[in-house]
Protein chains: 2
Amino acid sequence: MATIDDVARASGVSKGTVSSVFSKKRPISQEVTARVLAAAKALNYKPNYWARSLANKSTRIIGLNLRADKVKFSQFHLSLLNGVLGACYARGYRLLVNALPSSFQDQVEHMATDPVDGEILLDPETRDPRVAERLSGEVPIVLIGRPSPEYENRVSYVDNDNVAMTQQITRYLLGLGHRHFLFLNAPKFRTVADDRSRGFLSAIREAGLPPSSYHLKYKPDPDNPSFDFGYEMTLATLTERPDITAVIADTDTMALGVYKAAEALGLAIPDKLSVFAFSDDSVFSPEFTPPLTGVRLHAERLGREAAELLLELIDGGARTLKRTIVPTDMVIRSSCAEPILNLGGNKS
Amino acid sequence: MATIDDVARASGVSKGTVSSVFSKKRPISQEVTARVLAAAKALNYKPNYWARSLANKSTRIIGLNLRADKVKFSQFHLSLLNGVLGACYARGYRLLVNALPSSFQDQVEHMATDPVDGEILLDPETRDPRVAERLSGEVPIVLIGRPSPEYENRVSYVDNDNVAMTQQITRYLLGLGHRHFLFLNAPKFRTVADDRSRGFLSAIREAGLPPSSYHLKYKPDPDNPSFDFGYEMTLATLTERPDITAVIADTDTMALGVYKAAEALGLAIPDKLSVFAFSDDSVFSPEFTPPLTGVRLHAERLGREAAELLLELIDGGARTLKRTIVPTDMVIRSSCAEPILNLGGNKS
DNA sequence: TCGATCCATTAAACCGGTTTAGCGATAATC
DNA sequence: GATTATCGCTAAACCGGTTTAATGGATCGA
């Protein structure tokens with residue numbers, strides 16, 4: 001590949017001039033510019049991205065960090081990615097998806113600074129080691145999701161208000177008359193699971209219901225497909241506790257597992273069992289039988305806001321903390337209704 | 001940030017030695033290694049990724065190029081991305097998602113070599129300018145999907161056998177007794193659309209059917225949601241040509257639009273209208289009413305194979321051409337059946 | 001007409017690593 | 001015991017750009 005020196009030689013100017021022609025950071029006469037560009041074209045020259053990054057101390061790349069060992073890209077991530085990409089695209093940034101396991105990065109020969117100007121961290125966990133590591137460096141970060149409390153005042157993040165949202169949802173179900181719940185939550189190590197639990201429990205307490213009125217389960221193994229977890233856990237729990245009339249599921253896929261279990265148990269949705277999901281696929285959710293009631297998390301907007309916030313931090317250089325709350329919208333379809341109690345009705 | 005010089009000074013060795021400690025490319029005594037690592041830890045030193053890349057002429061990053069202006073990340077891309085990420089992850093590579101519009105990259109001040117060791121090009125189009133550009137550089141590329149003929153013998157690629165697959169599908173529908181088809185194909189500028197058309201037409205000709213026996217439509221606008229296109233085109237075409245008994249749709253989302261149109265037209269699936277889709281979502285497709293018959297394209301495997309092929313090209317340095325064909329599997333559920341003809345039955 | 005100002009351009013230093021050539025000390029060879 | 005390898009390390013060149021300080025020429029004002 002031709003270098004800047006080749007072009008300088010070919011067009012009879014210094015390399016500094018060639019640099020200025022390409023970076024446009026200093027004015028160069030029309031005539032010289034033309035000559036340099038002609039020589040560059042003839043040699044098929046393009047500035048070397050890494051040399052440029054080294055000298056500029058900037059790459060125009062932002063990172064998206066996810067723990068591939070724990071999480072696979074899901075529908076939610078997909079929308080989120082579309083939002084992030086849109087923001088990058090609009091501002092001329094590239095996106096680096098960093099899914100390397102920490103076991104790899106801990107090896108001495110692979111240790112290195114991240115090749116990005118800033119990073120978005122996905123799916124934060126309680127006491128997430130990635131956050132601690134980034135805080136000691138100088139690469140700005142934005143989380144999507146709430147950081148654990150020890151970091152809450154030290155990093156910027158974008159999130160839904162999961163506590164209030166879950167509280168609202170639970171109130172909605174309480175208002176319909178439900179008194180016994182199965183809550184199939186996200187994996188316990190994720191902060192979002194904790195927020196949802198808090199919102200749920202606060203609504204339960206507010207209604208004066210005892211702990212026996214709910215079963216709160218966390219998805220244990222991230223590898224375990226959501227569908228299977230929804231199916232098996234519903235089957236097992238409802239067999240044991242037939243007084244449960246409402247299931248709150250983590251995702252629409254998990255909700256589908258709940259639907260299957262309800263079918264297996266001979267429970268009609270929503271008459272005998274109400275189902276709610278923390279997601280809303282505008283194409284598929286309406287096609288469930290019956291159409292699934294859930295909540296729109298606006299994943300694409302979460303992604304876009306996070307990317308824009310990060311780019312702002314990068315440009316401003318400002319070490320200001322910001323947090324953006326993206327609103328959620330309940331989408332009520334037909335999978336939740338007043339429970340029709342059996343004859344041997346049970347009141348708590 | 002501390003540099004290699006700081007560490008060299010602090011541990012009383014030369015920078016070359018520090019470099020060797022981190023790169024492990026040359027043996028360094030236990031004692032010195034320990035001293036250097038201690039100093040590095042104290043200074044919170046990490047080798048600079050850009051400087052290293054510049055000197056090494058290698059980045060351990062591969063690119064995934066898609067035209068964000070034309071295509072949004074879809075379910076298919078999602079699986080594909082999971083495959084690519086898995087392969088990267090396993091071999092310690094990072095993935096750069098490059099969705100920049102060419103209008104941006106054409107500006108002089110943004111012109112630069114790509115910051116990657118190799119690149120995967122998604123959704124190739126007929127006479128795709130991206131391919132021509134990459135061929136003049138020295139970054140190896142792998143396409144996912146067939147390149148247009150002028151490049152077919154110059155680039156490596158991974159693809160399904162779309163011609164044979166579509167031929168097989170069409171034969172299947174012909175075998176069921178269908179004689180009038182609506183084929184809702186991918187956008188015309190994509191090579192995959194051409195392959196599918198060829199496979200379809202070859203089966204049609206093989207059966208001795210005239211051109212009047214089919215309506216072949218290409219999804220015009222990539223921004224137009226698949227669902228809407230499926231719905232509107234089915235409604236319009238079937239109103240005009242009620243003799244059509246089978247619709248072949250590009251994706252499951254589009255198929256869902258077809259389902260809606262069938263409902264609006266009062267056509268029962270599959271008795272009055274058979275629907276087939278070039279996709280298979282193992283979670284949602286079975287949930288369609290009736291469950292959707294389609295074909296599994298193994299997107300994840302396409303992604304993984306492409307990444308592995310690319311990494312092989314990078315490591316080997318070999319300029320060998322390879323092409324990998326990933327097999328497809330028809331998944332027959334209940335959306336295709338023998339057509340039950342109306343009284344005023346029509347034979348071609 | 002002379003000094004001040006402005007301008008495009010250049011030479012050299014710099015970004016932070018890797019790598020080559022060489023050097024002294026120890027170990028192996030005959 | 002002299003010769004040759006081998007080992008662990010260093011100094012300096014190098015990767016391919018950007019940037020600073022300096023330069024020479026044109027323009028300006030008085």
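When reading the values below, keep in mind they use all heavy atoms of this one structure, side chains included, and skip hydrogens, waters and symmetry mates. Just so we're clear, the structure is a prediction, and the values are computed from it rather than from any experiment. In what follows, every chain begins at residue 1, and chains take the letters A, B, ... in the order their sequences are listed.
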So, [X] and [Y], do they make that salt bridge, N to O below 4.0 Å?
X	Y	result
A:R67	A:E125	yes
A:E133	B:K46	yes
A:R35	A:E31	yes
B:R146	B:D194	yes

[X] side chain: which of [options] is closest?
X	options	answer
A:L54	D:dT18, C:dT19, C:dC15	C:dC15
A:S29	D:dG16, C:dT9, C:dT18	C:dT9
A:N56	D:dG17, D:dT19, D:dC9	D:dT19
A:S14	D:dT10, C:dT10, C:dT9	C:dT10
A:S23	D:dC9, C:dG17, D:dT18	D:dT18

Between [X] ([atom1]) and [N] ([atom2]), how many Å, whole number?
X	N	atom1	atom2	value
B:D5	C:dC14	CG	P	12 Å
A:E31	D:dA26	CD	P	13 Å
B:K24	D:dG8	NZ	C1'	17 Å
A:R9	D:dG16	CZ	P	12 Å
B:I28	C:dT19	CD1	P	13 Å
B:W50	C:dC14	CH2	C1'	15 Å
A:R35	C:dT10	CZ	C1'	13 Å
A:N48	C:dC15	CG	P	18 Å

May I ask you to evaluate whether [X] reaches the phosphate of [N], defined as a side-chain N or O under 4.0 Å from OP1 or OP2?
X	N	result
A:K57	C:dG16	yes
B:T17	D:dC9	no
B:K25	C:dT19	yes
B:R26	D:dC9	no
B:R52	C:dG16	no
A:Y45	D:dG17	yes

Angle of first-five versus last-five pair axes in the helix from C:dT1-D:dA30 to C:dC30-D:dG1, to 10 degrees: 30°

Tell me which pairs pass salt bridge (charged side-chain N to carboxylate O under 4.0 Å, His left out) where either residue lies in residues 86-109 of chain A, with sequence neighbours left out. A:R91-A:D315, A:R94-B:D114, A:E109-B:K24

Of A:V32 and B:I4, the one whose nearest nucleotide on DNA chain C sits closer to the 5' end is A:V32

With sequence neighbours left out, the residues meeting side chain to side chain contact (heavy atoms under 4.5 Å, CB included) with B:P101 are A:Y89, B:S103, B:F104

Report which part of the nucleic acid A:T3 touches: base, sugar-phosphate, or nothing (heavy-atom distance under 4.0 Å, all strands). sugar-phosphate

Using a cut-off of 4.0 Å on non-hydrogen atoms, how would the nucleic acid contact of A:V18 be classed: base, sugar-phosphate, or nothing? nothing

Could you tell me whether the side chains of A:N160 and A:H298 share a donor-acceptor contact shorter than 3.5 Å? no

CD/B:Q105 to CD/B:Q107 distance, rounded to the nearest 0.5 angstrom? 10.5 Å

Answer with yes or no whether B:K15 presents, from its side chain, a donor or acceptor under 3.5 Å of a partner atom in the base of C:dG17. yes

